[in-house]
Amino acid sequence: MSADTPVALRDLAIDVAREAGELARRRRREGVRLAATKSSLADIVTEADREVEALIRHRLSEERPRDGFLGEESDASAGDSGITWVVDPIDGTVNYAAGIPAYNVSIAAVRGGTDPATWEHLAGAVFAPALDEMFSASVGEGAWLDGVRVEVSPQNEAGALLATGFGYDPTTHDGDIASVRRVMPIARDLRRMGAAALDLAYVAAGRLDGYFERGLKPWDFAAGALLVREAGGVVSRSDIDTPRPLLVAGAAALHDAILARIVQS
Ligand code: IPD
Ligand code: CA
C-alpha cells in the first residue's frame with residue numbers, strides 16, 4: 001500500500017503508466033483489433049484499450065484498495081479514502097489504431113469523486129510509449145519530463161503555437177472550426193495531434209504555447225491539467241453545465257487571449 005502524499009501518488013502513477021504503456025505498445029506491434037464503436041462511427045475502442053485499463057485498474061487496486069476509480073472503458077467505483085484515480089488507458093485511440101505514435105496512457109489521482117468540478121488535483125502521469133516520454137507532476141512539486149523540470153513557454157513574438165481537437169460528433173465540427181477561425185489571428189500555427197493528454201503535456205513542456213478544446217471527458221484532462229498548472233500555466237474549464245465544456249490551457253496572458261476570442265459573440 002503506497003502512502004497518501006502527492007509525491008507517492010505520482011510515483012505510483014508513473015510506475016503503472018509505464019507498465020500499461022509497454023503493454024499498449026506491445027499490443028500495437030502485434031496488430032490492433034477494433035472491439036467496438038462508441039458515441040459515433042469515428043469513436044472507436046480497441047481490445048488494447050480495454051486490456052490496458054484492466055491492467056491499470058488491477059495494479060492500482062492492489063496498491064490502493066480504498067481509492068475510487070474513474071476510467072474511460074469500465075464502470076466507475078467509489079472508494080472510501082477520498083482519492084479517485086482518473087484513467088484514460090489509451091488517449092489518442094484513433095492514432096493508435098492508425099499506427100501514428102501520438103498516443104499515451106494518462107493516469108491522475110484527485111481528491112474528490114467523479115465530478116471534475118469537485119477535484120483537487122494531486123498527481124498525474126502521461127506516458128507516451130511510442131516516444132518513450134514520461135510527463136509527471138504532483139501538486140506543489142512542479143511538472144517533469146523524464147528527469148527534467150519543465151515550464152510553460154514565455155510569450156512568443158512570432159505568435160503562439162496552438163493545438164486543438166474536435167470531438168467525434170460531426171454536428172459539432174462547424175462550431176469548433178468557427179472557434180479556430182477566431183483564434184488564428186494570434187497563432188503562429190495550429191496543431192491537431194489527436195491526443196488531448198499529450199496536447200496538455202506539450203503545453204506543460206513549453207513545446208506548444210496553448211491548447212483549447214470543447215467536450216473533453218474527465219480522463220482526457222485529469223493528469224494534463226495538473227501538468228500545465230505545475231508548469232506555471234493556467235487551465236480553465238467554462239460552460240461546464242453544457243454538453244461540451246470548453247477547456248483552455250497556456251501561460252496566463254495567452255490563456256486569457258484564447259478564451260476571450262473563443263467566447264466573443
Ligand atoms: C480523444 C483524443 C482527441 C480529442 C478527443 C478525445 P480518445 O480521446 O484525446 O485528441 O480530440 O476529444 O476524446 O478517444 O482517443 O481517448
Ligand atoms: Ca481513450
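Quantities reported herein were computed from a predicted structural model and do not represent experimental measurements. Just so you know, these numbers use all the heavy atoms, side chains as well, and skip hydrogens, waters and symmetry mates. Atoms within each ligand, like the ligands themselves, are counted from 1 in listed order.
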Among Asp91, Asp49, Asp199, which residue places a heavy atom closest to atom 9 (O) of ligand 1?
Asp91
For atom 13 (O) of ligand 1, which candidate among Phe221, Trp219, Tyr168 holds the nearest heavy atom?
Tyr168
Within the stated cut-off of 3.0 Å, is an N/O/S atom of [X] closer than that to the Ca ion (ligand 2)?
X	result
Glu72	yes
Ile90	yes
Asp220	no

For the Ca ion (ligand 2), the nearest N/O/S atom on Asp88 is atom OD1
Arg192 and ligand 1 - part of the residue with a heavy-atom distance under 4.0 Å:
side chain
I'd like to know if Arg27 and Glu51 make a salt bridge, using a cut-off of under 4.0 Å between side-chain N and carboxylate O.
yes
Return yes if a side-chain donor-acceptor contact under 3.5 Å exists between Ser106 and Asp91, otherwise no.
no
Are Thr172 and Arg214 linked by a side-chain donor-acceptor pair shorter than 3.5 Å?
no
Among protein heavy atoms, which sits nearest to atom 4 (C) of ligand 1, and what does the distance come to when rounded to 0.1 Å?
Glu213 OE2, 3.1 Å
Indicate yes or no: at least one non-hydrogen side-chain atom of Phe69 is less than 4.5 angstrom from one of Glu53.
yes
Below 30° counts as parallel, above 60° as perpendicular, anything between as tilted: where do the rings of Tyr96 and Tyr103 land?
perpendicular
Sub-4.0 Å heavy-atom contact, Glu72 with ligand 1
yes
